[in-house]
Structure formats: structure tokens, C-alpha cells
Protein chains: 2
Amino acid sequence: MMALKLKATNLGSMPSPADVIFEALREAIVEGELKDGETLRQDHIASLFNVSRIPVREALARLEEQGLVTTQRHKGAVVSSLSLEEIAEMFEFRALVEGEVIRHAVNVISDKTLAEAKAFAQAFAAEPDSGKWAGLNRLFHYTLYKDCGRPYHLQIISKALDKIARYLRAQLVLTHGIARARAEHEGILRAAMARDADEAAALTRAHILGASRSLIGFLQAQEKK
Amino acid sequence: MMALKLKATNLGSMPSPADVIFEALREAIVEGELKDGETLRQDHIASLFNVSRIPVREALARLEEQGLVTTQRHKGAVVSSLSLEEIAEMFEFRALVEGEVIRHAVNVISDKTLAEAKAFAQAFAAEPDSGKWAGLNRLFHYTLYKDCGRPYHLQIISKALDKIARYLRAQLVLTHGIARARAEHEGILRAAMARDADEAAALTRAHILGASRSLIGFLQAQEKK
DNA sequence: GTATTGTAAATTGGATCCAATATCCACTAG
DNA sequence: CTAGTGGATATTGGATCCAATTTACAATAC
């Protein structure tokens, strides 16, 4: 073996075109750029990325497995939409898992991570551009969770968030959720800094379930119109 | 519109070849017929099902998204294997979610469903063929959960089970888990019939975490050899 | 005018073909 | 004999081509 040192990037794990397309579509759905029920034409996507339809189809298959799109044989893929009941259930699920995760995290959380979380909370509170709220909100929470040593839990939370992020956005922007979120983030952060795991878990649960009630109420009112 | 009534099977939602292959591979992995680390050759699978590699690749993409196989660019797909830590985490996760689900289920469970669960518990206890234990075990628990009105939770549980079913099998068959499982099932069933949601949840959690300890101990001993 | 049939265009899903990469093994140099 | 090179083989990933199905719409019948 030669002794020459060079920073070798592992070509074998470079993202394939299919990966790139998957990520782009996922992002677009999560960010709400592709609306509920919108149909995704393989040809169109393929020409956007200058590839054939093959990698597009692979990306769509993976998105369907995640529940972000729904496919009907020979009819194509549409962005999945969730009913009110389904949205409510997702929030319940998040409250359960995120509550558990933050409890474990707070018991072992480092000062460095706490500082990061604090920075995100402040950035969130100070951000004037409503388009960036959802992202900062997610970063804040994720930072508080990430030391929990439970990668599978984190992955599941992330996938659940992907499915409802579009709706959450509405909750923050359209229901004045931002003001309450600021206050509740402060509380969660304080509990975490005090290493009070049960309090952090309880506040996180309440935070999620509160957002759920607010969003569901908003969507119900919306529906009646 | 004509009045003729006939039981119309919706052709549009018939399983595609890709669906069939996905299910078959999933089943084979879950049942342990395909071992950890075994590589899956696209050509081989394609000829087994008499199709080209295209639907096989779609199935593999979906399996990878589920975490049942791992792909490396240009090297192909292998059946994912879980470390001891990962297995332990999956059990923790199951205890959390299944505990929650059975609590909600027991509050609304029908007598009919209880009777079904009882039948599965008895079938499980009486089954001499160890190859069928895992399936009956899963049916018993699923039956107790299914009235909970939370389809997303059930789906997540199902996917989590898929990832560890191979290992669970070993726990039941090789560690005398079957005897304890019989007794614990009885307890869970009794709590459910008494509509004692908290007790059913606590017993379910204990059941899962007990199986986890037993399995992890077994695998650790195995590893040292 | 409305409902129904038939046909053309659009779209998906699969097969085949081709290029890029990895793996294996024989060969060579030292 | 060993390390290393080069090329044959196997395998994957993507492009192109083709068949099957859906959709839109024009033509026809009533």
C-alpha cells in the first residue's frame, strides 16, 4: 500500500441521479412547492433533470414507499394529501415519540448542543421572513433531540415531519402560531438547560398537541368555506 | 349508466409485477429465508419471476427505502443487517408505540375482536410447528391493536416488526421464549378483556422489553463464540 | 341536445440495448 | 514466490424502444 495521503472522496457512495431526483422531489413536496393532489409527470421531471424516465421512476417508487406520493397503475403519481383525521394522528404520533426522545436526550445533552439549540431558538424568534420559520423551527427541535442516541427514532420523526410539514407551515404562518411557538420554545429550552427531562418531555408534548389543535381548528374553518 | 350488477375487480389497483416482486422479497427477508448480508442479484430475481430487471429494480428501490436492503452504487443490494444496538433500539421503539396503541385499542375494542385475539393466543400456545410461532404471535398482537383507530401507528409498528422479525424468530425458538410468551399473552389478553387499558399497556411494554433482553443476551452469547 | 361509441394523443410500465463500474484471475516483473 | 498490472467477465444504472392503458374528443345514433 502506498503511503501517499490524499483526501479521497468515496465515489461509490456519491448520489446517483435517482437520489438527486428523489431528494429534489421530496424537498419540493415538503416545502409545499408541489401542492396536494398535484400530478407528477415522469416525462416532465425527466426533462427537467436531463435524464430518461428510468431514474425518475425509481425516485417516484421511493417517494410512494414514504407515503409522500400516491400512484395508480397507468395513471401516474400525485402528491398525497392527508385528511384531517390523518393529520391529527400524525401529531399524536409525534407527541408520543418526540416526548420520549427529548427525555433521553436531555439526560445526556452536551453544553455545545444546548448552545446550538439556543441559537436556533433565537434565530427563529428573530426571523422576519415567514418562509424560513418552518425550517428554523425544525432545526431547533432536532438539535434538542439529536444527542438521544436513538437514530431510528430520529429517522421516524423526520419521516413523520416530512408528511405534515406542508400543513405545519400553514399553522405557523396563518394562525399566529409563531408567537406561541416562541414562548413554548423558551420553556422547552429552559427545561433542557436545567436537565429536567420530564419537564422537557411534557412541554414538548404540549407544544406539539397545541400546534395540532390550532392547525386542525384552522383547517376545519377553512373546509367549511 | 347500466344497472347490471357484477362484482367488478378494480383492474387499476391490481398489483403490478413490481408489487409482486416487492412483496415476495419483503416476505423472504422478514421470514429469514434471505439471510443477513446476502446479496440480491437483479438478473437472478428477474429470471425467477420471468420479467426484465426493470420491475426488480423498482422493488429493490422500495425495499431500500424501508431499510430492508442496503445498496451500494454498482455493487448491488444486500439484505440489511442490524447491530445489537439497533435491534435494542427497535424493541424500545416498539414498546413505546405498541404500549400506546393497545391502550387506545382496549378502550374501544369489540367483543368480536377479543374473541379473535383469544383464538390466536390459543393457536399460538398449541402450535407445535416452531416455524409458525412468529406469524401467530404477530397476529395475536395485531388483533389486539387493530381497533385503535390509528392506522399510521399500526403501519409504523408493522414496518418496525418487519425489520426485526428475523431476530425475533430466534428469540422465540432458541431461547425458550415461547413458554414465557404464552404466559404473558394470557396476561395481556386478560387485561384487555377486563378493559383495563393501562394494565394492558404496561404488560405489553414489559412483554416486548423482556423479549428484547432475552434476545440481546442470546445474541451477545452467540457473538462471543 | 344528450348519450354512446370509436379513435387519436398522451402517458405509463416493461423489455432490450448500451455504457460505466466492479470483480476476478491470469500474467509479468522483481 | 509475491506484489502488482491488465484485461476478461459479471453486474449495475441509464437510454431508448415498444406495448398496454388511460384520457380527450370527435363522430354517430337516438
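Quick note on labels: first sequence line is chain A, next is B, and so on, each numbered from 1.
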Ignoring the backbone of [X], work out which of [options] is nearest its side chain.
X	options	value
A:T71	D:dT23, C:dA15, C:dG13	C:dG13
A:I54	C:dA15, C:dT12, D:dT12	C:dA15
B:K75	D:dT23, C:dT23, D:dT12	C:dT23
A:P55	C:dT12, C:dA15, D:dG14	D:dG14

Worksheet item: Once the angle between the rings of A:Y152 and B:F93 is folded into 0 to 90°, is it parallel (under 30°), tilted (30 to 60°) or perpendicular (over 60°)?
Response: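 Because their plane-to-plane angle is over 60°, the rings of A:Y152 and B:F93 count as perpendicular.
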How many whole angstroms separate atom [atom1] of [X] from atom [atom2] of [N]?
X	N	atom1	atom2	value
B:H74	D:dG14	NE2	P	7 Å
B:R53	C:dG13	CZ	P	19 Å
A:Q72	C:dG13	CD	C1'	15 Å
A:Q42	C:dT12	CD	C1'	6 Å
B:D43	D:dT9	CG	C1'	13 Å

Considering every strand and a 4.0 Å limit on heavy-atom distances, what is the contact class for [X]: base, sugar-phosphate, or nothing?
X	result
A:R57	base
B:L60	nothing
B:R41	sugar-phosphate

Item to complete: Answer with yes or no after comparing the ring centroid distance for B:H141 and B:H207 against a 6.0 Å cut-off, counting only values under it.
Response: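 Yes, ring centres under 6.0 Å apart.
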Discussion item. Any salt bridge linking A:R62 with A:E65? Criterion: basic side-chain nitrogen under 4.0 Å from a carboxylate oxygen.
Written reply: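 Answer for the salt bridge query: no.
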Worksheet item: Where do A:T70 and A:S80 come nearest, in terms of heavy atoms and distance?
Response: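 Minimum heavy-atom contact is OG1-OG, 2.8 Å.
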